[in-house]
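Structure first, commentary second.
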Amino acid sequence: MSEEKKALNFIEHIVEEDLANGFPKSALRFRFPPEPNGYLHIGHASSICLNFGLGLRYSAPVNLRFDDTNPVKEEKEYVDAIKRDVAWLGFAWDSECYASDYFQQLYDWAVEMIREGKAYVDSQTSEEMAAQKGTPTEPGTNSPYRDRSPEENLALFEGMKEGKYPEGSHVLRAKIDMTAPNMLMRDPIMYRILHKAHHRTNTDWCIYPMYDWTHGESDYIEQISHSLCTLEFAPHRELYDWFLDQVIDPEKIRPKQREFARRNLSHTVVSKRKLLQLVEQKVVKGWDDPRMPTISGLRRRGYTPESIRNFADTIGIAKRENLVDVSLLEFHVREDLNKKAPRVMAVLDPVKVVITNYPKENTEWLKAENNPEDESAGFREVPFSREIYIEREDFREEANRKFFRLKLGGEVRLKNSYIIKAESCTKDEEGRITEIQCTHDPKSKSGSGTEESLRKVKGTLHWVSADHALEAEVRLYDRLFTDESPDTHKDRDFLDFVNPESLKVITAYVEPSLKTAREEEHYQFQRIGYFNVDRDSTENKLVFNRTVPLKDSWAKIDSQE
RNA sequence: UGGCCUAUGGUGUAAUUGGCAACACUACUGAUUUUGGUUCAGUCAUUCUAGGUUCGAGUCCUAGUAGGCCAACCA
């Protein structure tokens, strides 16, 4: 199929090298490890495409693993949303795993480490421990509890597990090196006491393992060969390996952590914490608000899984700082929708046109092509009558040669219909045009084959028949932030850059064939953009979201004038 | 007085491991077009700097410079 030589990214190079060095292909195994504390966003999509892409490339299993070690933040709602999003993107995981499934094994290993004198219970406050931790340039100092006997540690740790102690009273720490240049190696915490119910283990446990202690061991338990994470975890690798060394069976696969730079998207934020802020402060209407860069938001906005996957493939994976322009994402959704979306006519800012030489009470059903990019899409019929609406900006009383649209005395083609000529217009007291009077050339009907129908007129307009058009709510979305990188300003909060015009709601007239449009269906409103049916639509009221406008080279010419 | 990571067009990634800097997007030209869409053709680079090795350096060496991450009982 598409076996053209695609350049490998650095992760694929690593895998290829491992394979070349004798690592068995059958032992390749990957995982996507979200924490269920928020919704997945476009940055996660890159990670999903990376891991599942590797799975596809090497016919290797990919686990979906929920990193659920913090019951304070995690909820089942997020688990469900994450599963939905990964599946919607088109990927199938091998096993659905939870770090919480390994709590017992992790505990047993921890007990073993205590016995071997490699972990100890610290009973200081977090402030005291922070003070002993040192700084990046100064070494830390040992805890006074560092040399407790294994017996004492065992008893304490068991007591912690049994719920004998309040939160914050004790922690279990790995005994490594308080002077290590890597601060993560300065006796990291393995367990803390949390008297909180967990979304899966409920109240079975009141001690919860920390990320570093959990993640690598989970990879090991699942026999993940390549554990890929973002760059900020690079310093954790040393600890990842240290923890692995404590439990590793040399006969088994030793997981390998490698880090890549997370993808930043312009004009938005890609951080669960900040997205949560947008939701909680009601800047947007929820995690799936079409302005959100969440997968569910993009889906509701009208993005397709293919467009997101193509986007992820195109931007690739590397290790440097980056800010991917949102126009690339928009390119991919246009590219996909151009092939798939049926064309329809909709007028967003209507002005009435009366065809004065067209018989009153007459309705003609004209044949319209559904998609010039897809012959199999077929044709539909659209009603034409004496009174129609066109786009207000498509008419000017007078205009220069560059204006291909309707002007007084000028001719224009109505898409799928007749050539009309503007004769006059009427205005209200404020000078606003209320109606345009036109005549049509009856022999110029589209597809009729007559000489007149073959005439070349420069402009073609979309339109809807006034009597037949349906009213619809149209939600026009724009970028959520006015700044291309709102959260990287040292002295400004990202919320300062929220675009006040990120949503405009209007009432439009759409052609009657849309009566049966269903939720999530994609359409191209000809000459305007791609839209999809929002789930807020009802029997009586259609609601459309604008996914992305069509490229508009006229806007540039017009603004230059 | 630290550790780790990174530097290639406006943007994102490549470069068969020392051999003509490539692909996509954006922008700009032009052609086609019953969507000012699509499609097609074209234009846009001192590979962070300075030295060095070499017939030849984005790639190797030396010294700089710039940026990011690390001091949560978060992940």
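In this text, all values refer to a predicted model and were calculated from it rather than measured experimentally. Per chain, numbering begins at 1; letters A, B, ... match sequence-line order.
- Within 4.0 Å (heavy atoms only), A:Ser553 reaches sugar-phosphate atoms of the nucleic acid but no base atom.
- The same atom, C1', is picked in B:A50 and in B:U38; the two are 50 Å apart, to the nearest Å.
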| query | In dot-bracket form, how is RNA chain B paired, counting a Watson-Crick or G-U wobble pair only if both its distances are under 3.5 Å and using | for bases paired to another strand? | reply | .((((((..((((.....[..)))).(((((.......)))))....(((((..]....))))))))))).....

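- Across all strands, A:Arg405 comes closer than 4.0 Å to base atoms (heavy-atom distances).
- Going from the P atom of B:A7 to that of B:C44 covers 26 Å, rounded to whole Å.
- For the residue pair A:Tyr39 and A:Glu77, a side-chain donor N or O sits within less than 3.5 Å of a side-chain acceptor on the partner.
- With B:G36, B:G37, B:A15 as the choices, the nucleotide that has an atom nearest any side-chain atom of A:Leu550 turns out to be B:G37.
- Legend: residues meeting side chain to side chain donor-acceptor pair (under 3.5 Å) with A:Tyr418, ordered by chain and number and at least two apart, are A:Glu364.
- Expressed to the nearest 0.5 Å, how far NE2 of A:His195 lies from CD1 of A:Ile193 amounts to 5.5 Å.
- Contacts of A:Gly447 with the nucleic acid, taken as non-hydrogen atoms under 4.0 Å apart, include base atoms.
- With P as the reference atom, B:G12 and B:C48 are 14 Å apart, rounded to whole Å.
- For A:Arg527, no side-chain nitrogen or oxygen approaches OP1 or OP2 of B:U34 to under 4.0 Å.
- In summary, the side chains of A:Arg31 and A:His215 do present a donor paired with an acceptor at a separation below 3.5 Å, with no hydrogens or angles considered.
- Checked by atom type, the side-chain pair A:Arg413/A:Ser446 shows a donor-acceptor distance below 3.5 Å.
- The glycosidic torsion of B:U17 lies within 90° of 0, which places this base in the syn conformation.
- Taking the ring axis of A:Trp205 as reference, the NZ or CZ atom of A:Lys161 stays within 45° of it and closer than 6.0 Å to the ring centre.
- Atom CD of A:Glu162 is surrounded by more than 12 heavy atoms from other residues, nucleotides or ligands within 6.0 Å.
- If you take atom C1' in B:A21 and the same atom in B:A57, they sit 12 Å apart, rounded to whole Å.
- For A:Asn182, the side-chain contact (heavy atoms from CB on, under 4.5 Å) partners two or more places apart in sequence, or in a different chain, are A:Leu184, A:Met185, A:Pro235, A:Glu238.
- Taking atom P on both nucleotides, B:A41 is separated from B:U6 by 38 Å, rounded to a whole Å.
- Atom CZ of A:Phe531 and atom P of B:G37 are 17 Å apart (whole Å).
- Between B:U49 and B:U33, the distance separating the two P atoms is 47 Å to the nearest Å.
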| task | Could you run through nucleotides 21-31 of chain B and give me one letter per nucleotide, 5' to 3': B if any protein heavy atom sits under 4.0 Å from the base, S if only the sugar-phosphate is that close, - if neither? | result | ----SSSS---

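- Residues satisfying the side-chain contact (heavy atoms from CB on, under 4.5 Å) test with A:Ile557, not counting sequence neighbours, are A:Lys402, A:Trp554, A:Glu561.
- A:Glu259 and A:Arg237 are joined by a salt bridge, as a carboxylate oxygen and a charged side-chain nitrogen come within less than 4.0 angstrom of each other.
- Listed nucleotides B:U35, B:G12, B:C4 differ in distance to A:Ala234; the shortest reach to its side chain belongs to B:C4.
- Taking atom P on both nucleotides, B:C20 is separated from B:G3 by 38 Å, rounded to a whole Å.
- Between the P atom of B:U35 and the CG atom of A:Leu348 lies a distance of 19 Å, rounded to the nearest Å.
- For A:Arg263, the listed nucleotide lying nearest its side chain is B:U13; candidates were B:G36, B:U13, B:G37.
- Nucleotides of RNA chain B nearest to A:Lys415 and A:Ala261 differ in position, and the one nearer the 5' end is that of A:Ala261.
- Between B:A71 and B:G2, the distance separating the two C1' atoms is 12 Å to the nearest Å.
- Map A:Gly459 and A:Glu335 each onto its nearest nucleotide of RNA chain B; the residue landing nearer the 5' end is A:Gly459.
- The side chain of A:Lys319 places an N or O atom within less than 4.0 Å of a non-bridging phosphate oxygen (OP1 or OP2) of B:U6.
- There is no side-chain donor-acceptor pair under 3.5 Å between A:His522 and A:Thr547.
- Tested against A:Asn37, the residues A:Arg273, A:Lys272, A:Lys73 include a single side-chain hydrogen bond (donor to acceptor under 3.5 Å, both in side chains) partner, A:Lys272.
- The base of B:U39 is not paired with the side chain of A:Glu373 by any donor and acceptor separated by under 3.5 Å.
- Between A:Arg479 and A:Glu330 there is a salt bridge, since at least one side-chain N of the basic residue sits less than 4.0 Å from a carboxylate O of the acidic one.
- Comparing B:G12, B:U34, B:U38 by their closest approach to the side chain of A:Lys456 singles out B:U34.
- To the nearest angstrom, P of B:G12 lies 15 Å from CG of A:Leu329.
- A:Phe311 comes within 4.0 angstrom of no nucleic acid atom, judged by non-hydrogen atoms across all strands.
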| field | Contact letters for nucleotides 64-75 of chain B, in which S counts primed atoms plus P, OP1 and OP2 and B counts the base, heavy atoms under 4.0 Å | value | ----SS-B-BBB

